[in-house]
Visitor: 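Just dropping this structure here.
Values below: all heavy atoms of this structure, side chains included; hydrogens, waters and symmetry mates excluded. Reminder, nothing fancy here: chain letters follow the sequence lines and each chain counts from 1.
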Amino acid sequence: MIRYLSSRLFVFIIAFFLLTVFTFSLNFFFPGDALTNMTGVRTFSDYYPILSEARGTDKNIALQYINYMQHLLSGNWGASLSSGDYVFKQAYQHLFASLELIIGALVLAVLIGVPSGVLAATQFRGPIDKSVISLAMAGYSIPVFWLAQLLILFFAVKLDWLPITGQINPLYGIAPKSGAILLDIALSHSDYKAAAFQDALKHLILPVIILSIMPMMLLLRLMRNATQEMLQKPYVKAARARGLNEFQVLLKHAVPNATQSVLQQVPLIFSLLLSNSIVIESIFNWPGIGNWLVRAIFERDFPVIQACVLIIAFTILLFNLIVDLYRGWRFPIVRHE
Amino acid sequence: MTKALSLLISATTILLAGCEPGTEKVTPLSEGIIYCSEGNPDTFNPQLITSGTTVDATAAQLYDRLIDYDAEKQAFVPALAKRWEPLDNGTRYRFYLREDVKFHSTDYFSPTRDFNAEDVRFSFNRWLDETSLYHNVGGGSYPFFSATGLDKLIQKVIKVDEMTVDIVLNNADSSFLANLATDFAIILSAEYAQQLSVKDVPYLIDLKPIGTGPYRFESFRKDVLIRYTKHPEYWREGPGIEQLVYSITPNANKRMLKLVTGECDVIPYPLISELQALNRDDIVVTNEVSPNVSFWAFNTKKPPFDDPLVRQALSHAINRQAIIDTIYYGNAELARSILPPTSWAYDNQGIQYGYDPEKARKLLEEAGYEQLTINIWAMPVQRVYNPNARRMAELMQSDLAQVGVNARIVSYEWNTFRRRLSRGEHDTVLIGWYADNADPDNFFRPLLSCAAVATGGNRANWCHPGFDELLYEAISTTDAAERKALYQSAQHILNQQLPLLPIAHSRRYQAQKKTVRGVQLPPYGGINFRLATKVTPAEENAQ
């Protein structure tokens, strides 16, 4: 396990290094002054010469990169060119807001996608299997922005059940601390926590459902195929022969083994969620990292664009690492692959 | 596993307990109003910028002015100055200030004294006096005061005593009070400025504002919201709500959907083409005639537009009523003058250039043109006074074709458009004007004076000495009847000369929930939530 762990960590560190080299070089590729792109401090500011010295802009590029990394790791990510706010503080608030959506959607996708996939596998080529698979195909093919418009029109405008933008009704006055609204409500001193909580959940419903549809359908198909494959294996036949009923066979043998191959695809699903969240956040005005990135691109806010690129790529890398380590620990065979 | 399960169950129980209806009374929602504004403010100080979004978000909510303008009475009314008098033949104005006016007390500033003459002196000197400590904080440019010439008109501001201030002018100017009553001439706290400069953070004066207005600043999240709370010690009748939130929603269609779903209480600028969707029991759509005008200006420096006959002929060729029906969906008034009918100097005997293609053809012949090729510049952006200049130009193109005039439509990106327009590269242009205050001078001097030719504001490049003289005579007197007569003479010259053809005065739209009351749209721009209040649906039904 230690060898596996160290090899995975090594790959992770190399990838992280390449990522920081990329974001560092973006400062020079973006139009304008490299130091301004890096820090948000403009050339006419009194602070500019001080920063220039701190970042060693007159030194060679390797030293500049080391300076950049020091500032990056100490949370000194500069200021936004459009709002002047510190990027790091803004970044983690936006990240937590996005994670709240993504985790919600992932949980929903697993809770519905996995059992439906197993169900379809047990009814292989039967009417239930066929309808579940057709549904999955349809769900996977509908563009996210289109589905969002349809659900908004139906649930929000027609039925008036759900709100369409933001994390909570702003009149509750919940100040953003972590950025994740449910956590912020818990941390707040509001007299109306229960009502605020209820309101925040209502705001979460539509974006979470829409964001979960694609990964849910993907998981469903993967789970169905993997389970079906397992059900054909000799050891499952042996288990049946030992007198285990179909439910026991599924729960003890087929599903755990099918999970192993599905787990391999989970980082892909996570990336799918992260990229779709950019669309969803823009539609629902969700103050997450995707929405922040889109606005920063429109406003040519280079420090923010870099922060978003770094965070999105780093989150995907980290998630990959965690899934790899979990698989290595849970399924020893993976370590020998 | 059992431990995890029990954790999950207890978490669900807590969640569901939170969801139980009626566990707590939801008061924040009934005591606050959400205004879905169309963009972020550039700053929290309207002295620095003329953008409507910034003015809407800050001016009337955070600050007060020395005097206000009452649109109904068409008169200036006291605000922070309880009375005032002109001295020295109108070259000096003395303002007697109101006592017991409190500045906002917030978590970043606690005032130790009430409003006094020092605050007035500081607020005016900030934009008047280039040597003032705060003049260059925030960029050092004060566009409204430069455009109206107020910075050149005011000689100095003198503190007579604690509660009296004199403003000395270089010459008498009757538009002076109108400019003081605008959203730009706000009063800041000198004590707060002093504290900030001691702490070496003077720039915070425009980011964390302190004023005497009905609301105080709480927080701003770019692209998300601005939060204001009620100023508890406001000196006059204040709002009936505790909180005012600006929820920033740039998309007009989304604003409308949010109003329908109850996420906004008030929205500005609904799309005229979508007003039908707001035809519901719980929503009221209001519209005001706002002091704006869209017009077709002829570049009088270029032939054949230097000939009044040609300008008259082209004006007769245009079916303006059809334009109003098609472009404004009937939500505008046919303009008979560049002054809107709400102005006290309006002359209802104004421009009478009705649609008459036959007469247009005759006038063209008289001027010596049988065939004519011209270009129409159509602005590329939507404005309150003109929602679709390009489409308007197309309609005009077909009208002109009927009298033998071949028109070509020209458009550029907005900044390029304005730059080239200022250089006088156009033949004719479709553009307009939105007044900053209630004074008729604001329509004439910036648009048609000889001085405006030099600054690029006079789109017709028309300089008429007689007309100019009338305008300067009009601002040198304070006698309203005399001014009205002078403006009517000026309009008479315009009718003859026709450097521009006024087209329409458009209405300004706003939609709101029926439960919201007291939101005012002052006719010269901005929005005012000072008297805003919210009734419950039950109360609303009982009324």
Visitor: Determine which pairs satisfy side chain to side chain donor-acceptor pair (under 3.5 Å) with at least one residue from residues 161-170 of chain A, sequence neighbours left out, and list them in order.
Guide: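 Only A:T165-B:K258, A:T165-B:E263 qualify under side chain to side chain donor-acceptor pair (under 3.5 Å).
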Visitor: Using a cut-off of under 4.5 Å for heavy-atom pairs, which of A:L162, A:I164, A:D199, A:D160 has the most such pairs with chain B?
Guide: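 Greatest number of close heavy-atom pairs with chain B: A:I164.
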Visitor: Report the option among A:G166, A:A175, A:G173 that has the most heavy-atom pairs separated by less than 4.5 Å from atoms of chain B.
Guide: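 Option with the top pair count is A:G173.
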Visitor: Run the side-chain donor-acceptor check on residues 32-39 of chain B: report pairs under 3.5 Å with partners two or more places apart or on a different chain.
Guide:
residue, atom, partner, partner atom, Å
B:E38, OE2, B:T53, OG1, 3.0

Visitor: Distance check, rounded to the nearest 0.5 Å: B:T106 atom OG1 versus B:H231 atom NE2?
Guide: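 Output value for this atom pair is 11.0 Å.
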Visitor: Against chain B, label A:P287 side chain, backbone, both or neither, depending on which of its atoms sit under 4.5 Å from a heavy atom there.
Guide: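 Answer is side chain: those atoms of A:P287 sit under 4.5 Å from chain B.
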Visitor: Donor-acceptor check, side chain of B:K254 to backbone of A:F284, threshold 3.5 angstrom: yes or no?
Guide: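 Side chain of B:K254 to backbone of A:F284: no pair is present.
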Visitor: Can you say whether B:S219 sits under 4.5 Å from chain A via the side chain, the backbone, both, or neither, judging by heavy atoms?
Guide: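 For B:S219, no heavy atom lies under 4.5 Å from chain A.
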Visitor: Quick one: of B:V260, B:N251, B:I248, B:V245, who has the most non-hydrogen atom pairs under 4.5 Å with chain A?
Guide: B:V245
Visitor: Measuring only between side-chain heavy atoms, which start at C-beta, is A:P303 closer than 4.5 Å to A:L81?
Guide: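 Yes - at least one pair of side-chain heavy atoms lies under 4.5 Å apart.
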Visitor: Which atoms of B:L225 are under 4.5 Å from chain A, going by heavy atoms: the side chain, the backbone, both sets, or neither?
Guide: side chain
